[in-house]
Structure formats: C-alpha cells, structure tokens
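Residue numbers start at 1 and run along the sequence shown. Bear in mind the structure is a predicted one, so any value in this text is a computation, not a measurement.
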Amino acid sequence: MKKILITGGAGFIGSNLIRHFISKYPDYELFNLDKLTYAGNLENLHDVENKPNYHFIKGDITDREFINDLFSKYKFDFVIHLAAESHVDRSILNPLEFIMTNIVGTVNLLNSARHIWKQGDHLFYHVSTDEVYGSLGAEGKFTEETAYDPRSPYSASKASSDHIVRAYFHTYNLPVVISNCSNNYGPFHFPEKLIPLAINNIKKMQPVPVYGKGENIRDWLYVEDHAKAIDVIFHKGKIGETYNIGSDNEWKNIDLIRLLCKIMDTKLGRVPGTSETLITFVTDRPGHDLRYAIDPSKLRNELGWNPEQSFESGLEKTVDWYLENEVWLNHVTSGEYLKYYEIQYGR
Ligand code: NAD
Ligand code: TYD
C-alpha cells in the first residue's frame with residue numbers, strides 16, 4: 001500500500017485532489033496534513049472523511065520538530081505538497097506569513113523526507129504556480145524553460161520554494177518533481193479569489209470589484225483537470241523534471257466577469273444585464289501582473305494529459321455548485337472573511 005502525505009489537503013485544490021485520489025486509488029493510504037488556516041476547511045472533505053484509507057492530521061509545516069516526528073512515526077513513502085499561503089493580495093498585506101509557510105515549511109518537509117528516504121520508491125511532488133515566471137506582455141507563453149521572474153511576495157515565495165526543491169534534487173538526489181499550474185477555478189474555491197468572490201457578490205447583489213480596467217489576463221483551468229494532471233505527473237513524471245499545467249484558456253478579467261454575470265442572470269432568473277450593473281472598477285493591485293499564459297505541450301506530448309472541461313460549462317458547473325452550497329458559502333464568508341474584506345476593499 002502506497003503511503004502518501006498530502007499537505008494542504010483541506011484547501012481548494014488539495015480537497016479536490018484527495019477526492020480524486022480516494023475514488024481512483026482505494027488501495028493508497030492518504031494522510032492529509034493541514035493547519036486549517038482561514039483557507040483550510042474540513043467541510044471540504046465531508047464525503048471522504050469516513051473512508052478507511054483517509055486520515056486527517058492537524059499540524060503546521062513550519063513546526064520543524066512536529067514534522068520530523070510525523071515522518072518518523074508514519075514513514076510516508078510519497079509526499080504531494082500543496083500546503084501554502086496562496087492569495088496574492090494577502091501576500092501584499094502580510095509577506096512574512098508567506099515566507100514562513102511557503103519557504104520554511106517546504107524546507108522542513110524536504111529535510112524530513114531526506115532523512116527517512118534512504119532507499120526504495122519515493123517521490124516529493126511539489127505543487128507550484130505559473131506566477132513564478134512573472135508577467136507576460138501581449139505575446140508568448142510560459143514554458144518550462146522560461147526564466148523565473150516573480151513579482152509579488154506570493155510568487156517570490158513559491159519561486160524560492162521551487163528553487164529549494166530543485167536544490168535538494170541536485171544536492172542530495174532527493175527524488176522530486178515540480179508542476180507549475182495556471183489559475184484554477186471550481187468547487188470549494190475560497191471566495192477571496194476572483195471567480196468565487198464575484199459569484200458570491202453577484203448572488204448577494206453586492207459590488208464586484210475589478211482591479212484597474214479589468215485588462216489583466218489569466219489562463220483558467222478547471223480544478224478537476226488540475227487534479228488529473230497531478231495524478232498523471234505523480235505516476236508518470238520523470239524525476240527531477242518540471243511540468244507546466246494549463247489549458248490554453250486565456251481570459252481578460254473584465255470579459256470573464258461579464259460572462260459570469262450573464263450565467264448568473266440566467267441561473268437566478270434575473271433580467272439580462274442586471275448583474276453587470278454590479279461591476280465596479282477599483283484601485284489596481286500593486287505590481288499587478290499583466291498576463292499569464294501556459295504552454296502545456298510538454299505535459300501533453302510526454303505524459304498524454306489533456307484537459308477535459310470546457311470553460312463555459314466549467315463555469316456553469318461552478319456557479320451551480322456555489323448556488324447549491326449556500327451553507328458552505330455562508331460559513332466561509334463570515335467572521336475572519338468580513339475583516340479581511342473590509343481591509344482589502346473598504347466597506
Ligand atoms: P488554499 O489557500 O485554498 O489552501 C491552502 C491549504 O494549505 C489550506 O488548507 C491551509 O489550511 C493549508 N496551510 C496553509 N498554511 C499551512 C501550514 N503552515 N501548515 C499546514 N497547512 C497549511 O490554496 P490552493 O488554491 O488550494 O493551492 C494549493 C497549492 O497549489 C498551493 O501550493 C498553491 O501555490 C498552488 N497553486 C494554486 C493555484 C490556484 O489557482 N489556486 C494555481 C497553481 C498552483
Ligand atoms: P486572483 O483570483 O486573486 O488570482 P491571481 O492573482 O493569483 O491570478 O485574481 C485573478 C485576477 O483577477 C487578477 O488579475 C486580479 C484580478 N482581481 C480583481 O480584478 N478583483 C478582485 O477582487 C480579485 C480578488 C482579483
């Protein structure tokens with residue numbers, strides 16, 4: 001039985017990944033290590049929590065002794081590392097948290113893995129972002145050879161962790177693999193990120209904040225397609241390699257929000273055009289990267305992965321999910337969220 005430690009499994013991508021692995025690989029034993037920050041939520045995992053091959057461990061990856069003890073106790077064979085502080089705007093408000101979790105936390109996991117993995121079949125899979133490559137102009141796409149040029153405290157902390165993971169491969173022969181993925185969307189996405197924030201605000205007839213003129217471009221991937229890509233890379237990726245994950249799906253923020261407004265008008269039975277009146281242009285994010293675009297041909301050609309979800313139907317599915325999961329949405333948008341929202345957007 002493969003013993004896999006998944007860090008950050010109570011977050012958006014982690015919970016979708018655990019659901020995917022549990023249903024596809026009932027013979028793997030999964031350990032979900034998560035600190036349960038504001039972004040970690042056990043309600044994301046209700047449907048798997050009683051499975052015999054799923055275990056939850058509450059803990060902080062920045063706690064070196066705790067991580068060492070955990071590896072000694074459970075002797076994990078594989079690690080899929082997703083735990084991170086993940087929101088760019090929060091990294092602008094509080095960079096140190098990002099340095100601690102994303103860099104120091106990653107080093108703690110690498111050290112523990114290195115000390116217990118003397119021989120046998122092992123892998124440290126580091127889940128990262130395309131934001132490490134910086135900002136594109138109108139042309140070109142990020143390939144695995146694009147030089148790192150991170151611009152936000154978030155992307156700089158992820159870039160740093162990627163470099164350290166590679167350093168452990170070259171220096172200590174630790175078996176590692178890294179993937180850098182474009183922006184995800186889908187169920188269980190915390191409503192601080194653009195798509196779920198807009199869905200929540202449109203639902204409540206509240207202003208939808210669009211930074212600057214809404215001209216920035218992101219390349220969106222449905223979260224289950226990301227989980228399937230991680231599955232393929234985990235099983236077939238070459239040790240020491242990096243794979244970019246994306247689905248050639250670039251959208252200007254304002255066009256994406258307009259499409260979302262149209263979908264929401266239909267779903268909520270509103271007069272067409274009602275939700276668009278909520279669009280509110282607000283002060284731009286400092287250092288706002290203009291454009292991200294991923295060239296996923298290495299992953300497609302070498303490992304045979306292809307995204308399955310089209311964007312419009314993926315967005316519709318996502319909207320349906322948020323409308324059907326009002327209790328979840330109300331829980332995550334109370335308390336700490338309101339304080340954050342006030343600091344980030346004003347009243
Ligand atoms: P998320 O913010 O939804 O979840 C992060 C999870 O990590 C939470 O459950 C949180 O409780 C946990 N965590 C945070 N600090 C921790 C700590 N110190 N110890 C243990 N657990 C801790 O993030 P996400 O969107 O699911 O992203 C997961 C990973 O994927 C991150 O590494 C992120 O950089 C990467 N990624 C995200 C995207 C995206 O679009 N969301 C795209 C590419 C890559
Ligand atoms: P976000 O979802 O925060 O992801 P990232 O910054 O990691 O790409 O933002 C996606 C895009 O939407 C980005 O260009 C910033 C913009 N944005 C807004 O215009 N308004 C908002 O309230 C948020 C959160 C993001």
Strictly distance-based, threshold 3.5 Å: is any side-chain N or O of [X] a donor or acceptor partner for the main-chain N or O of [Y]?
{"X": "Ser135", "Y": "Leu290", "value": "yes"}
{"X": "Asn244", "Y": "Pro296", "value": "no"}
{"X": "Thr280", "Y": "Leu278", "value": "yes"}
{"X": "Asp265", "Y": "Gly273", "value": "yes"}
{"X": "Trp117", "Y": "Phe76", "value": "yes"}
{"X": "Ser161", "Y": "Ile103", "value": "no"}
{"X": "Lys298", "Y": "Thr143", "value": "no"}
{"X": "Tyr222", "Y": "Pro307", "value": "no"}

Exercise: identify the closest heavy-atom pair between [X] and [Y]:
{"X": "Thr129", "Y": "Asn180", "answer": "O-ND2, 3.0 Å"}
{"X": "Ser275", "Y": "Arg270", "answer": "OG-NH1, 3.1 Å"}
{"X": "Ser23", "Y": "Pro26", "answer": "O-CD, 4.2 Å"}
{"X": "Glu308", "Y": "Asp225", "answer": "N-OD1, 2.9 Å"}

Tell me the salt bridge (charged side-chain N to carboxylate O under 4.0 Å, His left out) pairs involving [range], sequence neighbours left out?
{"range": "residues 93-116", "value": "none"}
{"range": "residues 149-176", "value": "Asp149-Arg151"}
{"range": "residues 25-43", "value": "Lys35-Asp60"}
{"range": "residues 213-222", "value": "Glu215-Lys252"}

Using ring-ring contact (aromatic ring centres under 6.0 Å, His included) as the criterion, list what pairs up with Phe56, not counting sequence neighbours.
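Partners of Phe56 by the ring-ring contact (aromatic ring centres under 6.0 Å, His included) criterion come out as none, since no residue qualifies.
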Which residues pass the ring-ring contact (aromatic ring centres under 6.0 Å, His included) test with Tyr292, not counting sequence neighbours?
none
Considering residues at least two apart in sequence or located in another chain, which fulfil the salt bridge (charged side-chain N to carboxylate O under 4.0 Å, His left out) criterion with Asp320?
Lys267
Are Ile195 and Ile294 in one and the same hydrophobic cluster, where Ile, Leu, Val, Met, Phe, Trp and Tyr link if side-chain heavy atoms are under 4.5 Å apart?
no
Under a plain distance cut-off of 3.5 Å, with no hydrogens placed, do [Y] and [X] share a side-chain donor-acceptor pair?
{"X": "Trp328", "Y": "Asn44", "result": "yes"}
{"X": "Tyr322", "Y": "Asn200", "result": "no"}
{"X": "Tyr125", "Y": "Ser179", "result": "yes"}
{"X": "Tyr25", "Y": "Asp231", "result": "yes"}
{"X": "Asp130", "Y": "Ser182", "result": "no"}
{"X": "His20", "Y": "Asn16", "result": "no"}

Would you say the ring centroid of Trp251 lies under 6.0 angstrom from that of Phe311?
yes
Under 6.0 Å between ring centres, would you say that holds for His126 and Tyr168?
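No.
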Does Val271 sit in a hydrophobic cluster with other residues, and if so which ones, taking ILVMFWY side chains as linked at heavy-atom separations under 4.5 Å, directly or through other members?
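Reading the cluster by chain and number, Val271 sits alone, since nothing else belongs.
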Residues in side chain to side chain contact (heavy atoms under 4.5 Å, CB included) contact with Asp121, at least two apart in sequence or another chain:
Lys2, Phe78
Check residues 67-74 and write down every donor-acceptor pair under 3.5 Å in which the side-chain atom is one partner and the other belongs to a residue at least two apart or another chain.
| residue | atom | partner | partner atom | Å |
| --- | --- | --- | --- | --- |
| Asn68 | OD1 | Ser112 | OG | 2.8 |
| Ser72 | OG | Asn68 | O | 3.0 |

Can Glu250 and Arg291 be counted as an ion pair, charged N to O under 4.0 angstrom?
yes
Among all residues two or more places apart in sequence or in another chain, which pass the side-chain hydrogen bond (donor to acceptor under 3.5 Å, both in side chains) test with Asn108?
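Listed in chain order: nothing, the list is empty.
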Show me the side-chain donor-acceptor pairs of residues 83-90 shorter than 3.5 Å, one per line, residues at least two apart or across chains.
| residue | atom | partner | partner atom | Å |
| --- | --- | --- | --- | --- |
| Ser86 | OG | Lys193 | NZ | 3.0 |
| His87 | NE2 | Asp89 | OD2 | 3.4 |
| His87 | NE2 | Glu192 | O | 3.4 |
| His87 | NE2 | Tyr340 | OH | 3.3 |
| Asp89 | OD1 | Arg285 | NE | 2.7 |
| Asp89 | OD1 | Arg285 | NH2 | 3.3 |
| Asp89 | OD2 | Tyr211 | OH | 2.7 |
| Asp89 | OD2 | Arg285 | NH2 | 3.2 |
| Arg90 | NE | Tyr38 | OH | 3.2 |
| Arg90 | NE | Glu192 | OE1 | 2.6 |
| Arg90 | NH1 | Glu336 | OE2 | 3.0 |
| Arg90 | NH2 | Glu192 | OE1 | 3.3 |

